[in-house]
Amino acid sequence: MNPAGKPGKSGSLMPVEVALARLLEMADASPIHDRERLPVAQVQGRVLADDLVSTLDLPPWPNSAMDGYALRVADWTGEPLVVSQKVYAGQAPEPLKPGTCARIFTGAPVPAGADCVEMQENVEVLADERIRFIEPMSPGQNIRPQGQETTVGELILPAGTRLGAIEQGLAASLGCAELDVVRKVRVAVLSTGDELVEPGQTLGPGQIYNSNRVLLCSWLQRLGCEVIDAGILPDDLAITRARLGELNDVDLILSTGGVSVGEADFLGMALREAGELSLWKLAIKPGKPLTFGHFRGVPVIGLPGNPASTLVTFALLAKPYLMRRQGVKEVEPLKFQVPAGFDWPKAGNRREYLRGRLENGRAIIYKNQSSGVLRSAAWADGLVEVLEGRTLISGEYVVFIPLSEILN
Ligand code: AMP
Ligand code: MG
């Protein structure tokens, strides 16, 4: 095989990382500053607007990690100790009487003066209810010290963190009832093409059902975006111009189709007229053509129309762009190396994102990798990245990007 990553004859194709860097630069240039305050239970998928700094020590006081007995180790001479109090979680104990022990339960505050908790399994309860300690004990044992997790003033989550169940739980543990988050990014979704009809309608000759619309609208909602479903745009310059003009109150117009530099490139024509257009030929497969421009100041990303191309280019380029507009720093999906469970004998000049899954620790790929076949992605649980210019034999390592990473 070729050494990994050796560029093939990519001609004038733009490498994926170059396209991503340009998109992120443009996102950085137009960040969304508006924010809103929401109950912590409602921030799933949203982006934290301010640093979350702890106003608490966690735990707020030393507490017991076990059900057992709290004592001061130095008080233990080998003689059994009297139980002087019982402390349940949620109670405030008295200071420990010298020479005694306290019955204590998991999560309960350790009484002042005690420096150790012995678990109940290691003691003997005598007939007179005194406690005989059996094992040697040491100070600090089974005590979760105050501030073990977090101390007052510590940065817990930086601004720009995307919030999910774990971050919501963490914020709640610090007593946050509400959080300031960046307002939702508003995305208008446009499907283009005279051949498209919506599910529920009868297919005429030459027509296909519009799959990208629901694919993107659903995905964007899941990502915490506000979706403006702008329907289907016919292949017509005047209508394209007019419809783009109506979408002036959005952060991004996201369209699919009509970006291959063909005669039916009406989106490109409208953008060219209205100012600004970059037409990129990307070294990516599926999904070579991608448009970026502005229509009267509103950013427009035109994704290729074949559904698997839409999926891959949205995942790797448009999604990171949208996340960055909201101030997210880490926008690239987690990737990891796995051995390939297939051969790739012919090097391509574009970086391939094969729809694949893991089987017995190896990445295998769907039998039909055509860019029109969305079924490949429904079968898959990840994208298998094969670099441009690379051939593979089964057992060599490839990069695997879980779909769960890119869908969330
Ligand atoms: P285009 O870039 O407009 O030439 O579209 C490329 C291919 O993707 C064509 O086969 C289109 O019919 C198909 N396509 C475009 N948009 C959609 C869509 N919204 N849903 C399903 N297929 C589409
Ligand atoms: Mg088209």
Side-chain angles (χ1 to χ4, degrees), residues 13-14 16 19 187-222 225 227-244 247 250 252-273 277-293 295 300-319 350 352-353 355 366 368-380 407:
L13 298 180
M14 184 188 287
V16 180
V187 185
V189 175
L190 267 178
S191 315
T192 72
D194 281 340
E195 74 279 28
L196 300 178
V197 292
E198 290 302 337
Q201 296 177 336
T202 311
L203 273 190
Q207 295 184 317
I208 58 168
Y209 286 120
N210 182 0
S211 48
N212 290 339
R213 177 186 191 177
V214 70
L215 168 75
L216 288 178
C217 289
S218 164
W219 197 345
L220 286 161
Q221 262 151 12
R222 182 172 170 144
C225 303
V227 181
I228 291 88
D229 179 353
I232 297 174
L233 202 55
D235 291 321
D236 177 287
L237 182 59
I239 299 177
T240 301
R241 199 189 283 136
R243 292 278 290 284
L244 287 177
L247 302 171
V250 297
L252 177 71
I253 297 171
L254 184 64
S255 79
T256 61
V259 288
S260 22
V261 207
E263 281 167 34
D265 175 23
F266 297 103
L267 183 79
M269 289 182 210
L271 292 180
R272 237 173 260 122
E273 280 178 358
L277 169 77
S278 309
L279 249 184
W280 295 338
K281 279 194 194 139
L282 304 180
I284 190 173
K285 190 175 177 189
K288 184 159 78 174
L290 193 124
T291 295
F292 186 87
F295 190 84
V300 182
I301 293 180
L303 303 176
N306 276 306
S309 308
T310 299
L311 176 123
V312 167
T313 51
F314 181 83
L316 300 176
L317 297 163
K319 180 196 166 193
R350 292 187 272 160
E352 302 257 0
Y353 290 93
R355 276 71 70 214
Y366 191 70
N368 185 339
Q369 293 289 334
S370 159
S371 60
V373 178
L374 188 56
R375 202 173 156 189
S376 60
W379 176 90
L407 286 170

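Read the numbers this way: they start at 1 and go in the same order the structure lists the ligands and their atoms.
- Within ligand 1, counting atoms from 1 as listed, the ones closer than 4.0 Å to a heavy atom of Asn210 are 18 (C), 19 (N), 20 (N).
- Remark: among candidates Thr192, Asn306, Leu374, the nearest residue to atom 10 (O) of ligand 1 is Asn306, based on non-hydrogen atoms.
- Counting only distance, with no hydrogens or angles, the side chain of Asp265 and the backbone of Gly268 share a donor-acceptor pair below 3.5 Å.
- Residue contact check: Tyr209 has heavy atoms under 4.0 Å from atoms 20 (N), 21 (C) of ligand 1.
- Residues meeting the side-chain hydrogen bond (donor to acceptor under 3.5 Å, both in side chains) test with Arg243, sequence neighbours left out: none.
- Applying the side-chain contact (heavy atoms from CB on, under 4.5 Å) rule to Ala308 yields the partners Pro286, Arg355; only residues at least two apart in sequence or on another chain are considered.
- Put simply, part of Ser211 is less than 4.0 Å from ligand 1, judged by heavy atoms.
- Remark: distances from the non-hydrogen atoms of Gly258 to ligand 1 include one below 4.0 Å.
- Listed for the Thr192 side chain is a donor-acceptor partner under 3.5 Å among the backbone atoms of Gly257.
- Checked against a 3.5 angstrom limit, the closest N/O atoms of Gly305 and ligand 1 fall inside it.
- Between Arg213 and ligand 1, a contact under 3.5 Å exists for no N or O pair.
- Of all the heavy atoms in Phe292 and Ile301, the pair that sits closest is CD1-CG1, 3.6 Å.
- Under 4.0 angstrom from ligand 1, there are no non-hydrogen atoms of Thr310.
- Looking at Asn212, its side chain never comes within 3.5 Å of a backbone N or O of Thr256 through a donor-acceptor pair.
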